[in-house]
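This report concerns only the one structure given below.
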Amino acid sequence: MSVTHSLDTSTSRANPVPSPMKRLTVPKLKAMKGGEPIVMLTAYTARMAQLLDPHCDILLVGDSLGQVIYGLPSTVPVTLEMMCAHGAAVVRGSWHAVVAVDMPFGSYEASPEAAFASASRILKETGAAAVKLEGGEAMAPTIAFLVARGIPVIGHVGLTPQAVNLLGGYGARGRSEAEAAKILADARAVSEAGAFLLVVEGVMEEIAAEVTRSVACPTIGIGASATCDGQVLVTEDMLGLFERTPRFVKRYDDIANRVQDAAKSYAADVRARRFPGEEQIYRAK
Ligand code: KIV
C-alpha cells in the first residue's frame, strides 16, 4: 500500500506545486561527476522539502532525523517505520530534486536479501528514487545485489555515524596511513559495486581528493573539503538550530534565536491579551 499522496492544495497550508517540472533522475546525477558541484541537503518534513527543493539536486531523508527530530542520542535507534514516514512526506513536498532515504541501522547489514526487503519497502512506501547505506568493502556485495535488482544506492564511507559504538565517537577519520588506505579501499569497493553516488564524511582533505579522483561515481562531502563533486549538510545545522556547530558546518542563519524571540513575543502578547487582536477575530458580517 502506498502512503504517498498528492497535496490537496485547496485545503493544505502547503504552497501549490508549480506547473509541470521534471524531477532530476539518478542517471543525470551520475553524469554530474567532475562538473557543476552537486547540492544536497537533508529534509525530513514536507514543508521543509518544499522550501529546499528548488535549490537542491538531492534531498536526503537522513537517519540524522533520529537526533534532529526525535531527540535520540544517535542514529542507532532509528527504525524503518520512521524513515518510511518521513521519506513519504519529503517526496510529497518536492517535485524537482531526487529524494534519497537512509537505510536505518539493522535494516540491511545482515544479508543482501534483508537489505533488498528493507530497500524495496522504502521505495514502495515513500516514492523515493534511491536509498543510502553506510559501510565500505563489507557492504559492497549488498550494494551490487541491490543495484542488480533495480535499486539505486548511495554509499557512505569515512565517518559512518551508525558505527559510533565501534568508532567511539564522531571524530574525523583517516588520521593514520592505515585508516586512510582503508577509506580509499572502501570507497573504491562501493563505487565498483555500482553505487551511483558516494557520501564521504569526516575525512582529511587529501583523502577526499584521492577518493574523488579514484572513483567513477560523484562524491558528496560532509566535513570532507571542497575537493568532492558535491556537498551535503544537515539542514538544521546550517540553519543554526543547535547550540553546537561542528567545525565542518557553516551557519547560514540563527534560527534557534529567531524561534525563541518569536515564542517570547507570542507569550507576552497572550499574557497581555494583545493576541488575538481585531484582525484575528471572526465577527458576524
Ligand atoms: O543522516 C544524515 O543526515 C546523513 C548525512 C549527514 C550525510 O547521513
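Order of appearance sets the numbers: ligands from 1, and atoms from 1 within every ligand.
- Residues Y44 and F105 do not share a hydrophobic cluster, clusters being chains of Ile/Leu/Val/Met/Phe/Trp/Tyr side chains in contact below 4.5 Å.
- Neither side chain, T212 nor T227, offers a donor N or O lying under 3.5 Å from an acceptor on the other.
- Side-chain contact, S94 with R23: a donor N or O sits under 3.5 Å from an acceptor N or O.
- Taking all atoms of both residues into account, the shortest heavy-atom contact from V199 to I222 is CG1-CG2, 4.0 Å.
- There is no path of hydrophobic side-chain contacts, each under 4.5 Å, that joins I58 to V39.
- V259 and V270 sit in two unconnected hydrophobic clusters of ILVMFWY residues. Membership requires side-chain heavy atoms under 4.5 Å apart, directly or through other members.
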Atom pairs and distances, ligand 1 N/O vs protein N/O under 3.5 Å:
from	atom 1	to	atom 2	distance (Å)
ligand 1	1 (O)	D63	N	3.2
ligand 1	1 (O)	D63	OD1	2.9
ligand 1	1 (O)	S64	N	3.0
ligand 1	1 (O)	S64	OG	3.3
ligand 1	1 (O)	D102	OD2	3.1
ligand 1	3 (O)	S64	OG	2.5
ligand 1	8 (O)	K132	NZ	2.9

